There are 2 protein chains.
Amino acid sequence: MIKQRMEMDQAAAVFKLLGDRTRLTMMRILADHDCCVCEFVAMFDASQPAISQHIRKLKDAGLVKESRRGQWVFYSMNRQYEHFEFVQLLMEALPSQEEKFTELEKQGKRISCD
Amino acid sequence: MIKQRMEMDQAAAVFKLLGDRTRLTMMRILADHDCCVCEFVAMFDASQPAISQHIRKLKDAGLVKESRRGQWVFYSMNRQYEHFEFVQLLMEALPSQEEKFTELEKQGKRISCD
DNA sequence: TTAGTATATAATGATTTGCTTATATATTCA
DNA sequence: TGAATATATAAGCAAATCATTATATACTAA
């Protein structure tokens, strides 16, 4: 696969999206696991609308995609995103947020749709 | 050198700083060359105060450092910055802004203090 | 159909951002 | 010293950002 040339405007737009603690952590988590909204709400100390609005920005920009599974809406990294590889490179430079996830399981708040 | 663990808050703060086209391009240029303020002013379609204010943010955060050379103030990447390597990794993922520089020389606006 | 759960959206407001204009400060050079 | 150049800072303002509250929509299950 050929690496897309990244324009500075686009790069700045990505950085801007990632320049928020909540969105950045969400993306880092999504690099490892799909996640539904209520899981994010449980992980972060944030309201459900706040989480929804952060996700919307990521979705509008194309970084994540959604898929409904029953009553839940799951989000995942969008591998079709023009600069997916760039985003992935960034996420790999950041520490795993696995604790957030294990903590969620400990609280019994993990949603599983398998 | 041991790679510093990057906290998400700090990472988000870096991304936020880079989430502006002008600052991001400045940083990309600084990855290759030191630069003085008037060179940035000539390169970007921006006023001198606007440029100064962008630089100040980068300096306050520790990403760049200044050194006066005669009447000019030159800026460079701060290699002592806690997350210098992280920033450098990001810059390497972006296209060189060499054209900006060559254009500057063509206009005879390159400042040289050697 | 109705209640309950999950999610999205709309309206609002405080805060932050990034410019502008005006002015202050620092340095060089005649 | 005084003029010219380079840079920084302050004040003010429009737009963007990010939360909150209230409400709408979508789905499940009884």
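Chain letters run A, B, ... following the sequence lines, proteins first, then strands; residues in each count from 1. Here the structure is a predicted model, which means the values were calculated and not measured.
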Pairwise side-chain contact, A:Gln53 with A:Pro49, heavy-atom cut-off 4.5 Å (strictly under): yes
Just the atom pairs and distances: protein N or O near nucleotides 24-27 of chain D's N or O, under 3.5 Å.
none

Counting only heavy atoms not in A:Asp45 (residues, nucleotides, ligands), do more than 12 fall under 6.0 Å from its CG? no
Would you please indicate if the ring centroids of A:Phe86 and A:Phe15 are separated by under 6.0 Å? yes
Which atom names give the shortest non-hydrogen contact between A:Ile29 and A:Gln97, and what distance separates them? CG1-CB, 3.7 Å
Among pairs that include at least one residue of residues 10-23 of chain A, which meet salt bridge (Lys or Arg N to Asp or Glu O under 4.0 Å), considering only residues two or more places apart or in two chains? A:Arg21-B:Asp9
How far apart are the C-alpha atoms of A:Asp34 and A:Lys65, what are their side-chain angles, what is the distance that settles it, and do they pass the salt bridge (charged side-chain N to carboxylate O under 4.0 Å, His left out) test? CA-CA 10 Å; A:Asp34 292 5; A:Lys65 63 188 212 292; over 6 Å; no
Round to a whole Å and report the spacing from CZ of B:Phe74 to P of D:dT7. 8 Å
Please report, rounded to the nearest Å, how far the P atom of D:dA19 is from the CD1 atom of A:Ile55. 13 Å
Whichever of B:Gln48 and A:Gly19 has its nearest DNA chain D nucleotide further upstream toward 5': B:Gln48
B:Lys59: which residues meet the side-chain hydrogen bond (donor to acceptor under 3.5 Å, both in side chains) condition with it, sequence neighbours left out? B:Glu66
Indicate, with a heavy-atom threshold strictly under 4.0 Å, whether A:Arg21 touches base, sugar-phosphate, or nothing. nothing
Among the candidates D:dT7, D:dC18, D:dA19, find the nucleotide nearest to the side-chain atoms of A:Ala50. D:dA19
For residues B:Met91 and B:Arg28, report the shortest heavy-atom separation together with the two atoms involved. O-NE, 3.0 Å
Roughly, in whole Å, what's the span from CZ in B:Arg69 to P in D:dT7? 12 Å
Reading DNA chain C in the 5' to 3' direction, which nucleotide is the first one with an atom under 4.0 Å from a heavy atom of chain A, and which is the last? C:dT5 to C:dA10
Can you name the atoms? Protein N/O to nucleotides 10-16 of chain D N/O, anything below 3.5 Å, with the distance.
{"residue": "D:dA10", "atom": "N6", "partner": "B:Gln53", "partner atom": "NE2", "Å": "3.3"}

Considering heavy-atom distances to DNA chain C, does B:Thr22 or A:Ser52 have its closest nucleotide positioned more toward the 5' end? A:Ser52
Just checking B:Tyr75: base, sugar-phosphate only, or nothing, at a heavy-atom cut-off of under 4.0 Å? sugar-phosphate
Without hydrogens or angle criteria, can the side chains of A:Glu98 and A:His33 be said to hold a donor-acceptor pair below 3.5 Å? yes
Rounded interatomic separation in angstrom, taking CD1 from A:Ile51 and P from D:dC18: 13 Å
Quick one: A:Trp72 CH2 to D:dT28 C1', roughly how many Å, whole number? 9 Å
Quick one: B:Glu39 CD to D:dT7 P, roughly how many Å, whole number? 8 Å
Would B:Arg69 and B:Phe74 count as a cation-pi pair here, with the cationic atom under 6.0 angstrom from the ring centre and within 45° of the axis? yes
A:Gln71 meets the side-chain contact (heavy atoms from CB on, under 4.5 Å) criterion, sequence neighbours left out, with none
